[in-house]
Structure formats: C-alpha cells, structure tokens
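Beneath this line is the structure, given in structure tokens, with notes to follow.
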Amino acid sequence: MAYKLIPELYQKLDPSLFANMISYREATIQAAPAKEVTADYPINQLAKAMHPDVITLVVADIIDHPGAASKTYVFNAEDGGPLPYFRAGQYISLKMQIGDSFLSRPYSLNSSPKEALAGKYEITIRTNPTGFAADYLLANVKVGDKFRSSSPQGFFYYEDLRDPYNIIGLAGGSGITPFLSMARAIAEGTEDFNLTIIFGSRTEEQILFKDEFDELAKCDKIKVIHVLSDEEKEGYEHGFISADLVKKYMDGDCSIFACGPEAFYKFLEKELPKLGLERKNVRYEAKPITKKVEEDQDFPDASKGQTYKVTVKQGPNEYVIDAVCNEPLLVAMERAGIKAPSRCRSGECGWCRSKVTGGFFFVPEVSDFRRWADKKHRYIHPCCTFPCSDMVIEVPFEYL
Amino acid sequence: MIQKYDIVVVGAGNAGMVAALECAKAGKKTLLIEQHNLPGGCATSFVRGRFEFEPALHELVDVGNTNTWGEIGDLMRSYHVDVDWRQVPECFRAVGTFSDGSPLDATMPVGTDDFIDAMEEAVPGCRESVTKCFDLMAEVANGTRMLGKLKPQELMQQFPNFAAVAAAPTEDVWNALGVPQNAQDLMGAYWGYLGVSLDKLAFSHYSNMLYHLIKKRSYIPAHTSHEISCAMIERFREMGGEVWFNCRAEEFLFNGDRLCGVKTTAGVIPCDYVLANINPDIIYGKMMPKELVPEREKKLSAARDRKYSARCFTVYFGLNKSAEELGIKEYCIDVNNTSDSRTEYAKVFEPFEDKTKSVVFLCGNLASSEASPKGTAVGFFTTMHGPEEWSNVTPEEYMKLKNRYAKYYIEKTKELCGIDIGPYIEEVCVATPWTFARYIGTPEGAVYGYETRDWDAMSARMAMVDTDYPIKGLCPIGAAGPRGDGYSSAYVTGRMIAKLALKRLAEEGGAQ
C-alpha cells in the first residue's frame, strides 16, 4: 500500500533531522571531552551500605541470663563502623562452621535500629538441647570471635501503611527478641506505635529481660504483660496465651504480631481465630519447618524412613551427598559442608531457591511460599523441601 | 579451575536472557551469570504472605496473538519461549486536567476506530487530525520495520512521510498535523513509559508504542514477569546453556586489547566473548582497565553526561478485597495532573515536597484473573523520581521518606481516581531508587538506561550500532542500548547485540 505525502509535515518539520541524524550524533559525541568515566553514585553506595552481601561481626560482649538458660551476644562491626540500619523486628542470618558443617541460623535482632548506626547488634540465644547450633554456640562463643552474617532481613515489623496504631505482640520464650527491639525502637523514637507485649514464660525466674521491660514500660506507648505457665504469682497472668487473655488487652483497632516456637504457633492457630480478626491483622514471624514431616498426611508413605543420594551442582562443582527424608535438603547440604545459600530457614524468603533437575520431593504446604512459575519449573526452597527419591539439584552460590 | 566458555552473558536481565538464548541457539557454549538468586532483573516477582507481586511490568505492547504476532510475540516464539499471555482490556484511563484547565477523565479503548471515537467524544472536533495522525502512525510502524532492510531512497519512496517525522519531536509532529492541544494531552497521556517528555521524545518512538498499544493491544503474563523470565531460562537450559546465580562479575580481563575472561565472586571464567547486561558507565568506570576504554567511548559517556532516565518509586499493595468490591474498573490509570509532559517531566527531578508527580496506578486482576487469590486484589503505583532526593538521605530519613511518599500517593489515588485502598492493605512494599540499585545495580537505580535525547534517539543509536561497540570481545547490552528502555526494547537489544557479537566472533575469532 502506498502512503500519500502529507505536505504540512514537510512544511512545518525539518526532514534533515532524520537525514543528518548520524552526523549530528557523531558530532555531538566528538564535541564531548574524552574524560575518564567514573561510576560512583550516592544512591548505589547508600543501597550497598544498607544491604551489603555480607557483614563481618565481632563478639564484643556476652550477657548471661542463667534463669532462662540464654545468653545475649553483643556484636560490633569488624571495622568498628556503623552496621546496616533495619526495621525493628528483622533478623540476621548468622553463618558458622561447626565441625565440617557450614550452616546458618536466623536470629531476630533485639537491639534497636539506632544502635546499629552506632555499630551494635544484639541477639539472644536460648538453649535447645535437641538442636545443633544453639548449645554449641552457648558453650563455645567467646568475646573476640568473628561471624559472617547477612544484612538484616524479614518482614516482621510494624508498617504504618498497613497496621493500625495499636499492636499486640504475643511472645513465647525466646520469641521475645523482636519485641524487645520494637520496644527499644519506640522508646528511642525510631518507631511510633502502641505496643502491648503479652509474654509467655514458664516461671518468673525464666523471664528474659524482665528488668529492661519494667524500665521500657514506663514509656506510655509500651505495656508488658507477663504470663506464667508453670507457676501462679501475684502480678502475673497465669496459664497460656489464650484468645480470652488476648481479648482482655485488646483496645480498639489493633493487629496481632506473634513470635515463638512451633508449639506456641500451634496453640495460637487454634486460639486467635476466635478473635474474629481479619487476616491482615494477624501476623506470624517466620514459622519453623516441621521436625515431623513424616506425620504430614501428604508425605508419601514409600519415602518414610528412607535415605537418598542427592547430587548437588553449584556452578562448576558437583557433590553427591546423603539426605534423609525427614530433614530439609538444606540441612543435608550443610552437613556435607556445602556452602549453600540460606537466610530465613522457614520457606519464606526464597534466598536458597534452587532448581530440581531430577527426582521427587515434598514441601509442607504451610512452608510453601514459592512463586507460581518456580513451582511450574520445579524450583524449590531447600530449607523447607524434603527428598522423596534420589535427586539432582542446582543451587546458587552464597556470598561469604 | 573453571572451564572456558565461548560466551559469558553477565546479568540475567531482559536483554541478558535473550542474548543468552540467541547465543545458545547459535550453538555456542554459553554461561549466564546473575548476581541475584533468580533471573529477570526487573522482570521478576516477590512473595509476601498470600500475594505474589509483579515488580515492574505494566504491559507489553507488541506481543500480538495467534492472529498476528507482534515483534515480541515473534521473538519469544523464535526461541520457543512459552508464556500464558493475558490481554489488557483497554488502552488506559487518563485522569488529570487538560491543558486548557478543564478536567480530564477518559478511558481509552483498544482498536483504532474505537480509540478515535473516544478521542472525538473527549475532545469534540479532533477526529480529522487524529485520523490523519493514525494513518501516519501506521506508516511509521511499517517504515520502522523496514529500517536497515531498504535502501534510504527506497524507504523514502515507500514511506514518504517517515523521514519527515522519524526524528522530529512528538509534539512538533502533532502540531504540524493540527492536532488540538486537548487531543494531544489525551494521546500523550502515556508518555511516562518512555521516560522523557514529548518535546524531546522522537515521534517514531512514541508513535510505535502507541500504535501497537491501540492496534495490537497489550498483554501481561498471567503470573507476573517471573513467568516470562523462568520460561526463558528454561529454554536456555534446554538448549544447553548454563546459569549460575548469586555470582557477581567484578572485573573484565583482557589479553592485550582483547577480552579473555571475567573475574567473578565464584572465580575467574575464561571466555571468548562477554555480553554484559550492565550500563556502559559502570563497565568503563569500574570493571575494566581504564587505559583500555576507547577514546570515543569516553566521549560518548561524557556526551551522555550521566543523564540517566527516570528512577522509579513504586508502592506494591495486596488488598483483602476484590477489585470489583473496591470499584477498580481499569487495569491502568495514568494520572498526569497538568497534561503537560514538559512540566511533569521537570517535576520528576524536583524534590518531593508534596508536589503531585505523574503516577500510574495498576491493578493486575483486571487483566489476569489469577493475579491474586479470590476475594483479593493486587497492584502497584509507580512514579518517577530524580536522583537528588534519594542521594542525600540518611538511613533513618529514608525509612520515613518512603512511607511519607507512599501515603501521599495513596491519598491522591483516593482523591483523583476515587479508589480507596488504604483500609484494605494486607501486604505492602515500597521500592525506591535504593531498592532498584540494590537488586539491579544500575546507575542511581535508574530503570531506563540513558535519556533518549534528540541527538541520542533510538533511530540514531540503531543506525550506529557498528560504531558504538568498539571493544574486542565485550559488548554492553540492556536498557542503555540502541532500542532504549522498556522490556520490549531490552529484549530486542539483547538479540541485536548478541547477533553482532556472534558475527564478530565468527569473523575475528576468540580470545588467545
């Protein structure tokens, strides 16, 4: 089809713009100075300072909480400078070597965001005799030890675009740490919301940070209610954190944030629906991966009790490792000394995202946060994925 | 010791993925490395609670469908990349004020005739000039396809108006055709997608986008950009390509003046050729020996003078009510305030101070029924920012600033579009230039490469591809490339430059 010339275009526009575009462009380039190219941009530097690939932390102090069988570790940045800022409630993924294993553990920061800028992070570790890392760290870590860590991660924080002004924090045992950070953030003026913490401990003696919370509760935005399950004492609530107990402290429009061990979540999942809150008003910190995957009704019978061979490819390297069906693939890789990426260890963050090229696997529904296309193309988050046959997987590198 | 590859593609962004596909298709031993743990760059997704969020894509305008595939549909099909495309029901809804001060709120349909009818309804009397403009847009679209295929003389003969308008600024062409200002306001509402105002934007560039949008409609993947990226990576792997994630290129290694490898966080990778999905300024400024940066490339960089196109400020929201319940009726609402793209583009670079910048509000559910779970809605709004307001901010101020802006736009959406999302937010996430800098590493977190100015417009860049890539064994690809910014452009640039590299590799041979 032929196009008709539109005369007004030629009258009013300059066709030489097109005819001369190459010479015009070249002339503009040649007229510029041949100076050295630089590529330092404040925005990129600021983003990098907030989210470095890896941070090196040095243990500056250790505070013992004998009653709660816990210790608080105070870290400084290795270079003595500021540490990445964060939202109160976020965690760091601490990397460690125990024997031949390279592993990570996520710990909520209990220090405040302002303290990070002064070069200080704090975490608290509670004894866990059935676990692998906690008791090792409690027994062995000393002042001066160095750790590699991720920058602060996670979505368990107050968000004023979403949350009402009143937050009820439900904490079980060492699940108190993100709320300590939030309370400190409120007290120092970094965060602005009303925080009512309902904190479950076994006995008065086992309450973590009792004195500090007494002090923080002098701030009129912070309230702390202690609930003791194993003893009855005046001035304390008694029993478990039930819907009735929570209701007693709910005041107007509020959201519930919960953090604690697996059993704590299981209890709350039965209780909290009784409050009739909308889904957006009930938030759980990353739930741990089940230790009893074989009890999951969807777990294949044929895989129960089995150990499999898993071929792990990481860039040019290839490893063949043993993996038991009731342990996540990430744990099998860590045991084998493979430096696989990991952060949240609850299926949520997806940092360990890996490709399955052979074999079968199982992901508990509650821990499955994979993207739609990742499911379609057989990508997994190894931290929450259990082998159900021999497998071949490709894992990303980890920045270390 | 890492084995040698024919080609290493650095960066699995849109251009990188297509370049990798092209190299693998040509039978080259190809490695794609990506600094993040998943592919796509901007073309990705993220999960919060029960929502999966699209971070970047608004729509693709040249996909087409089984009747007529467009350039991008053809490109995907040429690599057998399979995506579940969903059609966006309308072109856009434009909200704001006409240049003459009267209120503007018009929903523009797809299809040329319907679009022109809607133009006439919104701006009575514009039919004749707008129809003329559409004829011209058809000619430009066809002429663009023949660029480089026909001799200049033949091109001028077959497409007599093409040369007159190809390099002219969009608003000059509309003025020449006598398109009334209010009609220009409405047709120009989409300018933000090309990241520069209509007095600077070449008509051929805007015309091609608008023409395809109206004529061929636009599409999104059913399940976010990550669906496209995953499908591309899958095909690349099937063709024998390898992908390493969490692997960052740090330095390009040379033997004399010829590239011979790339140093990465996972070790040194020897190779014959690198296609780097990285802005050239970063390559020349940080990743290769200064003395090997060619004089002309230094001049080109100086001429571009760090004028990167827009940085995005984006708020993603997952809502606990359906789009229908919330009264959201259009997929895409362009809120342009004054309708004068010059004023609005200038505002991009001004500090916020509660000035309303142009903003685009999107709701994925209107195009894909699977965008979010039943009874919910998912979407985002995007506005463009300059570098200054994000360059001198402390971390404490940063946290407050992003929420202050977000709240402002949530209020504006309510006021101007009648859509109140505030009470229904179940998940929310704010991305700033810092966020884009973190994940895609572009200069100042810009998403659009260099501003396409008059001397550095798409057609001139395309015509000079052979001159613009002087380094032996290394070609940058991506949004800073000849086709300019946007998904489609990056895809096409990735393929174009991969072809150039393959040709040179065949002619010149590889590293010694």
Side-chain angles (χ1 to χ4, degrees), chain A residues 2-6 8-10 12-15 17-19 21-22 24-26 28-39 41-44 46-48 50-51 85 87 117 155 159-162 190 278-280 315-316 341 350-351 353 369 371-374 376-377 396-399, chain B residues 2 37-38 45 47-48 52 139 159-161 163-168 172-173 176 223 226-227 230 234 244-247 265-266 281-282 284-286 290 293 295-296 298-303 320 387 390-391 395 403 406-407 425-426 428 433-434 437-438 443-445 455-456 459-460 463-464:
Chain A
Y3 295 100
K4 268 202 324 209
L5 189 84
I6 307 173
E8 54 262 47
L9 292 176
Y10 279 83
K12 292 180 182 157
L13 300 171
D14 177 7
L17 278 180
F18 183 65
M21 69 184 180
I22 292 178
Y24 176 41
R25 182 165 184 268
E26 191 58 30
T28 310
I29 293 168
Q30 291 303 337
K35 60 181 184 191
E36 202 164 273
V37 182
T38 54
Y41 311 98
I43 287 173
N44 298 60
L46 290 161
K48 195 84 190 165
M50 185 106 100
H51 303 286
Y85 197 62
R87 299 296 301 266
L117 298 176
F155 320 119
E159 173 52 78
D160 68 349
L161 299 172
R162 174 195 70 199
T190 305
E278 296 204 49
R279 185 170 173 149
K280 80 189 199 76
W351 185 243
R353 176 184 181 273
F369 290 87
R371 297 165 175 87
W372 182 89
D374 281 349
K376 178 182 176 187
H377 295 291
F397 294 99
E398 175 66 304
Y399 293 108
Chain B
I2 298 173
N37 73 332
L38 74 174
S45 75
V47 172
R48 295 281 188 280
E52 180 170 351
E139 183 182 341
F159 306 99
N161 301 299
V165 300
D172 290 5
V173 175
H223 302 95
H226 188 58
E227 180 183 351
C230 266
E234 206 55 24
W244 296 357
F245 291 110
N246 282 356
C247 177
T265 47
D281 282 351
I282 292 184
Y284 302 147
K286 279 205 155 128
K290 301 261 178 218
V293 179
E295 286 288 288
R296 185 177 176 282
K298 290 185 195 169
K299 289 177 175 230
L300 175 56
S301 170
N320 67 357
W390 297 99
S391 293
N403 279 27
K407 271 182 204 161
I425 294 175
E426 180 172 308
V428 64
W434 288 26
R438 171 188 179 190
E444 299 169 348
W455 66 270
D456 196 24
S459 37
M464 296 179 78

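A note on names: the letters A, B, ... follow the listed sequences, proteins ahead of strands, and every chain is numbered from 1. This one's a predicted model, so the numbers in the text were calculated from it and none came from an experiment.
Remark: side-chain polar atoms of B:N37 are not paired, donor with acceptor, to backbone N or O of A:P396 under 3.5 angstrom. The main-chain N or O of A:V37 is found under 3.5 Å from a side-chain atom of B:K290 such that the two form a donor-acceptor pair. Remark: side-chain polar atoms of B:D281 are not paired, donor with acceptor, to backbone N or O of A:A39 under 3.5 angstrom. B:N161 places a side-chain N or O within donor-acceptor distance of the main-chain N or O of A:K4, the cut-off being under 3.5 Å. A donor-acceptor pair is defined here as one N or O able to donate and one able to accept, closer than 3.5 Å; such a pair exists between the side chain of B:K299 and the backbone of A:Q30. Checking side-chain atoms of A:N44 against main-chain N and O of B:E444 turns up a donor-acceptor pair under 3.5 Å. Between the side chain of B:R438 and the backbone N or O of A:K48 there is no donor-acceptor pair closer than 3.5 Å.
Separating the CD atom in A:E159 from the CG atom in B:N403 is a distance of 4.5 Å, to the nearest 0.5 Å. A distance of 3.5 Å separates CZ of A:F155 from CZ of B:R48, quoted to the nearest 0.5 Å. The line from OH of A:Y399 to SG of B:C247 is 7.0 Å long, rounded to the nearest 0.5 Å. Residue A:R353 holds its CZ atom at 5.0 Å from CG of B:L38, rounded to the nearest 0.5 Å. Summarising the geometry, atom CH2 belonging to B:W455 is positioned 5.0 Å from atom CD1 belonging to A:I29; distances are rounded to the nearest 0.5 Å.
At least one side-chain heavy atom of B:N246 sits less than 4.5 Å from a side-chain heavy atom of A:W351. Considering only heavy atoms from C-beta on, B:M464 comes within 4.5 Å of A:R25 through its side chain.
For B:E227, the parts lying near chain A are the backbone and the side chain together; criterion is any non-hydrogen pair under 4.5 Å. Within the 4.5 angstrom heavy-atom criterion, atoms from both the backbone and the side chain of A:L161 approach chain B. At a 4.5 Å heavy-atom cutoff, the contact between B:R296 and chain A is made by backbone and side-chain atoms alike. Heavy atoms closer than 4.5 Å to chain B are found in the side chain of A:P341, but not in its backbone. Of the two parts of B:E52, only the side chain, counted from C-beta on, holds a non-hydrogen atom closer than 4.5 Å to a non-hydrogen atom of chain A. Residue contact with chain A, scored on non-hydrogen atoms closer than 4.5 Å, involves the backbone and the side chain of B:S459 alike. Both the backbone and the side chain of A:F369 come within less than 4.5 Å of a heavy atom in chain B. Using a 4.5 Å cut-off between heavy atoms, B:S391 contacts chain A through both its backbone and its side chain. With a 4.5 angstrom heavy-atom cutoff, B:K407 touches chain A via backbone and side-chain atoms both.
Of all the heavy atoms in B:K298 and A:K35, the pair that sits closest is CB-O, 3.5 Å. Closest non-hydrogen pair, A:P316 versus B:I2, comes out as CG-CG1, 3.9 Å. Minimum interatomic distance between B:C230 and A:D374 (heavy atoms only, all atoms of both residues): SG-OD1, 3.5 Å. What you find for A:A47 and B:W434 is that their closest heavy atoms are CB-O, 3.4 Å. For A:L9 against B:A164, the heavy-atom pair with the smallest separation is CB-CB, 4.3 Å. Taking every heavy atom of both residues into account, A:T28 and B:A303 meet most closely at O-CB, 4.0 Å.
Ring planes of B:W244 and A:F397: perpendicular class, angle over 60° (limits at 30 and 60°).
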Checking A:E278 against B:N320 for the side chain to side chain donor-acceptor pair (under 3.5 Å) test, could you report, in this order, the C-alpha distance in whole Å, the side-chain angles of both residues, the deciding distance, and whether it holds? CA-CA 9 Å; A:E278 296 204 49; B:N320 67 357; 2.7 Å; yes

Salt bridge (charged side-chain N to carboxylate O under 4.0 Å, His left out) assessment of A:R162 paired with B:E426: CA-CA 7 Å; A:R162 174 195 70 199; B:E426 180 172 308; over 6 Å; no

Apply side-chain contact (heavy atoms from CB on, under 4.5 Å) to the pair A:Y41 and B:I282, showing each step before the final yes or no. CA-CA 10 Å; A:Y41 311 98; B:I282 292 184; 4.2 Å; yes

Run B:D172 and A:K12 through side-chain contact (heavy atoms from CB on, under 4.5 Å) and show every step you take. CA-CA 8 Å; B:D172 290 5; A:K12 292 180 182 157; over 6 Å; no

